[in-house]
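Below is one structure, written out as structure tokens; comments come after it.
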Amino acid sequence: MTIPRTPSDPAGYGPGAYGLPSEAEIASWASVWFPELGGRGEVSPLGRTPAAALPPLRPTPLCGEDPATPPAFAALPELPWSGAPPGSQPDAVVPRVLPVGAKEREFPLLPTARPADLSLSRSVGNKSLAAIRGDFPILGKQINGHDLVWLDNAATTQRPRAVIDRLTHFYEQENSNVHRAAHTLAARATDALEEARKTIARFIGAPSPENIVFVRGTTEGINLVAQAYVKQFLKPGDEIILTMLEHHANIVPWQLIAEETGACIRVAPIDQTGQLILSAYEKLFNRRTRFVAVSQVSNALGTITPVAELAALAHAQGVRILIDGAQAVSHLPVNVSALDADWYVFSGHKIFGPTGIGVLYGTKEVLEAARPYQGGGNMIADVTFERTLYQGPPAKFEAGTGNIADAVGLGAALAYVDAIGMEHIARWEQELVEYGMKALAGVPGLRLVGTAPHKASVLSFVLDRYPNEEVGKFLNTKGIAVRAGHHCAQPVLRFLGLEGTVRPSVAFYNTFEELDRLAEALYALTGRRE
């Protein structure tokens, strides 16, 4: 691809690049969207928000642009309903090879013609799918008179009995604050916490438990890295690289420190399928590049990014990288050492663990270079009114009483997943994604959003003439739980010309038959069958 370049934009990543609109087009569109702005093109850095609704702060500049210049966003041509993007191969959306069992189904299905639930006899690792589903008590519940179909896994996963029982055991048998106590329960609680840290280190391939910092979740972990590590190295004009695929949690922390330091943000583009353009990412690096933060899997599109290559390209330029693994860690085997990640972060509730607990991995070098994020008990070695000496990592970043019970619960969740095997989970979920894309592609008026060749879990779509929230509410009447909205990923959806989608997302306890129910409900909503 030839990158357009202008004298004011020699790198070719400003307005007009990759088919983005010109500044004149942006201003004219703004006058249509927001006539109260008088056609001045005053839009926020993240899209179609009236400037009058923003706080009275200068927007974070995108690198290479005058901060007063309206930022560019895409208004791409609409994709054909249920079809492949222009210029792609016809099988780019629907895989050629159907999953096991798919050949026995022809869409659309009538509710009375549903075949027996063949999925439940399948094995995922050393357990049948029926046994796995039996491990999750909530999956046996009914919602609105129907068996629950939980397809909101990208928002949060359900918890197996092993995690629920481990939390109960902790509160009944081990509950205490940790460290610095001589009594028995403190020793039990400390042992349980540190054993969980060891389990997590093994699960993600960390060299040592000392590389594992407990945080509240992915969002806090990213903010910790931004404030405690990256900000201290930034000067006016320095650059941070993100991608178009990022969740708000991997955008806003970088905007905050850019505003404070005078740094700016560069954004690696994607194509119309949602695939990251690797060559364009590589060209973003220059002598001012200081840090990279990227998602391993997009929460809105399911796109799997080539994070090992992204890390290698960053390191070749002497730049460190953070990988947001929130949407990856429950779907793909992760080895942070093999990825050569400087930082890696994920949330417990995305991988069958409790809410309010997450993990920040950092190499020994970056953990030692980072400043304390918060001050208080547990992170100190010695305090006087004149000075404080801090503990080494990871304690340096765990001020105060942490979420001990839920850290222990997260350890139990990872032990449960590890016993099944992430490679088996990833293989089964890939079948589910391929099957789900075929099932949904047949629904009249349905357009799949996010059709990159490599994707995980997410089956986002929009339905012609039906608001996303209406679709979500209708599915709920059938006992089917999905997410409808912008998914805290407004930049990428607006790049694709959307304000939101309906987002079913699978986990390894889902079945082909649940995806049949989803497709059938959508046929019922549209009232049409072809």
Side-chain angles (χ1 to χ4, degrees), residues 78-86 88-119 146 149-154 272-274 300-303 428-453 455-468 470-484 496 498 500-506 510-530:
E78 289 194 1
L79 304 183
W81 293 120
S82 308
S88 64
Q89 296 300 314
D91 62 351
V93 174
V94 180
R96 279 179 293 224
V97 181
L98 298 183
V100 174
K103 62 185 179 181
E104 302 179 22
R105 297 164 169 76
E106 294 294 335
F107 293 97
L109 287 173
L110 295 174
T112 57
R114 185 191 310 281
D117 194 336
L118 303 177
S119 298
H146 299 272
V149 175
W150 184 258
L151 293 174
D152 196 16
N153 294 287
Q272 291 183 1
T273 72
L301 307 182
T303 303
W428 170 239
E429 288 187 357
Q430 186 58 39
E431 291 192 43
L432 288 170
V433 169
E434 293 174 356
Y435 186 85
M437 291 180 74
K438 178 173 176 59
L440 294 178
V443 176
L446 186 144
R447 167 187 164 193
L448 292 165
V449 179
T451 57
K455 61 178 293 179
S457 178
V458 174
L459 298 168
S460 289
F461 67 86
V462 290
L463 193 59
D464 190 17
R465 296 188 295 277
Y466 290 90
N468 298 320
E470 180 182 336
V471 176
K473 289 178 181 178
F474 177 81
L475 293 175
N476 182 58
T477 68
K478 305 296 185 182
I480 302 170
V482 300
R483 188 73 34 168
L496 296 173
L498 300 168
T501 65
V502 182
R503 186 189 67 181
S505 50
V506 302
N510 290 122
T511 69
F512 292 150
E513 288 65 36
E514 290 180 319
L515 296 173
D516 288 347
R517 280 184 56 188
L518 172 64
E520 289 172 6
L522 294 170
Y523 279 112
L525 175 62
T526 61
R528 294 177 293 171
R529 291 180 178 273
E530 295 178 350

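Computed from heavy atoms alone, side chains included, the values below leave out hydrogens, waters and symmetry copies. The first residue of the sequence shown is numbered 1, and numbering continues consecutively from there.
- Separating the OG atom in Ser457 from the CG atom in Asn153 is a distance of 6.0 Å, to the nearest 0.5 Å.
- Arg483 CZ to Leu151 CG: the interatomic distance, rounded to the nearest 0.5 Å, is 12.5 Å.
- What you find for Leu522 and Phe461 is that their closest heavy atoms are CD1-CZ, 3.8 Å.
- Lys455 contributes a side-chain N or O that, together with a main-chain N or O of Gly450, makes up a donor-acceptor pair within less than 3.5 Å.
- Atom CG of Leu475 is separated from atom CG of Asp152 by 11.5 Å, given to the nearest 0.5 angstrom.
- Checking side-chain atoms of Arg517 against main-chain N and O of Lys478 turns up a donor-acceptor pair under 3.5 Å.
- For the side chain to side chain donor-acceptor pair (under 3.5 Å) test, residues two or more places apart in sequence or in another chain that qualify with Thr501 are His487.
- Using a 4.5 Å heavy-atom cutoff, the side chains of Val502 and Val462 are not in contact.
- Residues Met437 and Leu459 meet the side-chain proximity criterion, which asks for heavy atoms closer than 4.5 Å.
- By the side chain to side chain contact (heavy atoms under 4.5 Å, CB included) test, Ala484 is found to be paired with Asn468, residues two or more places apart in sequence or in another chain being considered.
- Taking the six-membered ring where the residue is Trp, the centroids of Tyr435 and Trp428 are separated by 6.0 Å or more.
- Interatomic distance, Arg447 CZ to Leu463 CG, rounded to the nearest 0.5 Å: 12.0 Å.
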